[in-house]
Amino acid sequence: MSVSKDDVAYMANLARLKVTDSEIEQFQSDMNKILGYMELLNQVDTSNVEPLDHVIELPPNYRKDVAFEPLDHDEALKNAPDADSDYFRVPRVIE
Amino acid sequence: MKLLDISQTREQVRSGHSFQQTVSQYIERIDNSNPGLNIVLRDARDEALVQAEQIEKKIRDGSAGKLAGAIMGIKDVICEKGKIVSCGSNMLRDFHSVYDASVIQRLKNEDAILLSRLNMDEFAMGSSTENSIWGASKNPLDPSRVTGGSSGGSAAAVAAGFANATLGSDTGGSIRQPAAYCGVVGLKPSYGRVSRYGLVAYASSFDSIGPLTNTVEDAAKVLQAIAGRDDFDGTSAFESVPDYSDALNESAKGLRIGVPEEYFGEGLDPEIRENVLSRVNQLEKDGATIVPIHLPHMKYGIATYYVLATAEASSNLARFDGVKYGHRADQLKVREALREEEKFLKDQIKQAKSDTDKSLWSTKLEKMDSPLVRLYKETRGEGFGMEVKRRIMLGTYVLSAGYYDAYYGKAQRIRRLIQKDFIEAFKNVDVIVSPTAPTTAFKLGSNQDDPIQMYLNDIYTISANLAGVCGISVPSGLHSDGMPIGLQFMANAFDEKSLIRAGRLVELQ
């Protein structure tokens with residue numbers, strides 16, 4: 001399986017990453033190298049193996065339904081690149 | 001540099017020495033040596049000196065917390081309220097945390113002084129601390145060499161005497177490998193042992209926070225303070241936390257040490273192999289039982305990890321969109337560029353000589369990014385460095401429709417097989433011994449062009465994260481190249497006590 005430049009551009013769009021032409025070339029070469037290395041995994045027979053998504057088993061746990069002080073508005077908006085007194089601001093989406 | 005450990009520092013203060021003076025000596029060392037080494041990113045010296053005075057009083061009247069005497073640095077990926085948490089990234093260059101991570105709260109509760117913020121590979125992705133917008137950190141023992149990574153700053157700060165204990169994070173070896181490269185102790189707790197609340201996430205099913213210190217005893221002390229259930233982290237475990245100091249005085253008698261053949265094979269520096277095996281021999285003479293074992297799926301560790309960790313990273317790092325916090329691309333420029341693109345496409349449609357051409361350009365026009373989507377893309381393109389982008393791209397690929405089962409699903413199954421190897425092994429042994437890394441610290445720049453070569457540095461550490469077990473790297477002497485060798489022990493999930501016991505025995509040799 002080999003990754004084309006179009007594949008890289010497609011992935012970059014899915015990942016919401018702006019990539020330059022030279023980056024596309026770099027990623028194509030890197031991804032092919034790394035995915036090539038990952039072919040190693042096909043040596044392993046996993047037909048009767050369940051996927052592992054969590055290394056420890058945790059019992060279901062519910063916290064008590066007790067209210068606590070939330071972060072106040074000013075604090076929550078403090079790091080925003082653009083905000084008014086109540087909301088994060090983004091470019092207009094609907095014309 | 002051998003400094004007083006936490007207990008000794010505290011004892012010294014109790015018997016009349018000024019704690020402020022001790023802290024000042026740490027600050028002086030930072031001022032003298034950090035400019036050439038680039039380990040400390042920022043420090044809170046004024047605050048630290050005030051705290052030193054308060055803690056000194058507490059030490060003398062007997063009310064001090066268990067970490068009084070600790071002068072610490074924190075990897076710049078763990079949130080401290082009011083401080084910059086940059087993660088080594090342009091994305092968070094000016095980000096100020098609005099809360100304390102649970103580990104930070106616990107360190108403060110025990111009277112640790114948090115003096116510095118430490119360099120790292122961007123978003124903890126890397127094995128050399130060269131991928132940082134603040135520039136590469138240099139190894140205090142040989143500034144032409146890397147510190148290891150991604151917690152390179154945390155290991156090097158201890159080695160350089162800028163802190164007597166630090167916190168790092170370990171997703172595939174990021175505490176243990178730099179500890180080995182810098183000649184300090186680094187402990188990666190079991191998954192779930194230490195709360196991840198306030199740790200900027202890289203790969204959530206792997207990430208662990210742990211201590212780097214001069215001595216095993218100090219590692220045990222810091223772990224004691226930060227371990228245990230935290231309701232703010234749903235994956236933190238309920239297992240009770242034992243008294244780790246009990247393990248410091250146990251002998252080698254009866255300790256069962258597994259020696260996995262797979263960890264001593266091809267690719268390992270022969271001197272490191274020799275060094276580790278001679279330690280094992282000594283432990284056997286001292287009464288330990290040596291058990292040859294196999295971890296047959298070890299060779300799939302790196303490939304499995306880079307499927308799963310990049311997948312998780314691509315999802316975790318989706319939060320950096322230039323809206324809630326962090327870097328945002330210049331909005332006016334983005335709008336201007338979009339306008340020009342639109343104009344260009346419309347011109348092409350007008351000038352199109354055939355219907356096919358026309359529909360081609362029309363499709364492009366329809367598919368043009370909205371201003372918001374384009375802002376995300378530009379923001380992330382500017383905010384992330386090359387290695388982070390590479391991993392986001394890989395993660396997106398292995399999770400994408402058509403490839404999910406072949407990569408992600410497959411890797412999750414192999415992860416189970418790797419964990420099974422460990423479960424089987426720990427039926428017969430208390431700890432597994434191995435080198436921490438296949439080589440000593442390499443030269444700056446030497447692995448930059450080959451991602452796979454860089455990834456292979458983690459070959460001995462990565463399985464512990466895949467299996468969720470714990471590991472420690474302890475200094476094990478010097479290589480003929482002058483650099484320290486790290487010896488690793490791994491122990492079963494929640495059996496950090498065995499790590500501390502075994503690590504202490506090597507320290508005493």
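Proteins get letters first, then strands, A, B, ... in listed order; numbering begins at 1 in each. Computed from a predicted structure; not experimentally measured.
The environment of F88(A) atom CZ is dense: over 12 non-hydrogen atoms of other residues, nucleotides or ligands sit within 6.0 angstrom. Counting heavy-atom neighbours within 6.0 Å of D21(A) CG, excluding the residue itself, gives a total of 12 or less. Heavy-atom contacts from other residues, nucleotides or ligands closer than 6.0 Å to NZ of K78(A) number more than 12. Atom NZ of K33(A) sits in a crowded spot, with more than 12 heavy atoms from other residues, nucleotides or ligands closer than 6.0 Å. Taking a 6.0 Å sphere around NZ of K18(A), one finds it holds 12 or fewer heavy atoms contributed by other residues, nucleotides or ligands.
For the options E75(A), E50(A), Q26(A), heavy-atom pairs under 4.5 Å to chain B are most numerous at E50(A). With chain A as partner, the option from D94(B), I302(B), D231(B) having the largest number of non-hydrogen pairs under 4.5 angstrom is I302(B). No other option in L417(B), V334(B), L308(B), L375(B) has as many heavy-atom pairs under 4.5 Å with chain A as L417(B). Options D369(B), D321(B), V307(B), T379(B) differ in how many heavy-atom pairs under 4.5 Å they form with chain A, and the most are formed by V307(B). Ranking L52(A), L77(A), V90(A) against chain B, the residue ahead of the rest is L52(A), based on heavy-atom pairs under 4.5 Å. In terms of non-hydrogen atom pairs under 4.5 Å with chain A, the most contact-rich of A318(B), G322(B), S314(B), G409(B) is G322(B).
Of all heavy-atom pairs spanning H96(B) and N79(A), the tightest one is O-ND2, 2.6 Å. The shortest non-hydrogen separation linking I392(B) to A15(A) is CG2-CB, 3.7 Å. Considering every non-hydrogen atom in both K324(B) and P81(A), the closest pair reads C-CD, 4.2 Å. Annotation for M11(A) and M393(B): closest pair CB-CE, 3.9 Å, computed over non-hydrogen atoms. Minimum interatomic distance between G192(B) and I56(A) (heavy atoms only, all atoms of both residues): CA-CD1, 4.1 Å.
Using modelled atom types, one finds a donor on one side chain and an acceptor on the other under 3.5 Å when comparing K377(B) with N13(A).
Looking at L456(B), only its side chain comes within 4.5 Å of chain A, counting heavy atoms on both sides. Of the two parts of L71(A), only the side chain, counted from C-beta on, holds a non-hydrogen atom closer than 4.5 Å to a non-hydrogen atom of chain B. Neither the backbone nor the side chain of S370(B) comes within contact range of chain A, judged by heavy atoms closer than 4.5 Å. Both the backbone and the side chain of E378(B) come within contact range of chain A, with heavy atoms under 4.5 Å apart. With a threshold of 4.5 angstrom between heavy atoms, L58(A) approaches chain B through side-chain atoms but not through N, CA, C or O. Within the 4.5 angstrom heavy-atom criterion, only side-chain atoms of D30(A), from C-beta onward, approach chain B. Residue F206(B): no heavy atom, backbone or side chain, is found under 4.5 Å from chain A. Contact of L317(B) with chain A is not made at all, since no heavy-atom distance falls under 4.5 Å. Contact annotation for F384(B): only side-chain heavy atoms (C-beta onward) come within less than 4.5 Å of a heavy atom of chain A. Only the side chain of R229(B) comes within contact range of chain A, judged by heavy atoms closer than 4.5 Å.
Residues H54(A) and T235(B) meet the side-chain proximity criterion, which asks for heavy atoms closer than 4.5 Å. In this structure, the side chains of Y300(B) and Q43(A) come closer than 4.5 Å at one or more pairs of heavy atoms. Side-chain atoms of V469(B) and V55(A), non-hydrogen and from C-beta on, never get closer than 4.5 Å to each other.
Note that CZ of R416(B) and CG of D53(A) are 8.0 Å apart. Values are rounded to the nearest 0.5 Å. To the nearest 0.5 Å, the span separating NZ on K410(B) from CE on M38(A) amounts to 14.0 Å. A distance of 7.0 Å separates OG1 of T396(B) from CG of L17(A), quoted to the nearest 0.5 Å. The line from OH of Y37(A) to OH of Y455(B) is 11.5 Å long, rounded to the nearest 0.5 Å. Note that NZ of K389(B) and CD of E23(A) are 4.0 Å apart. Values are rounded to the nearest 0.5 Å. In this structure, the separation between CE on M31(A) and CZ on R390(B) is 11.0 Å, given to the nearest 0.5 Å.
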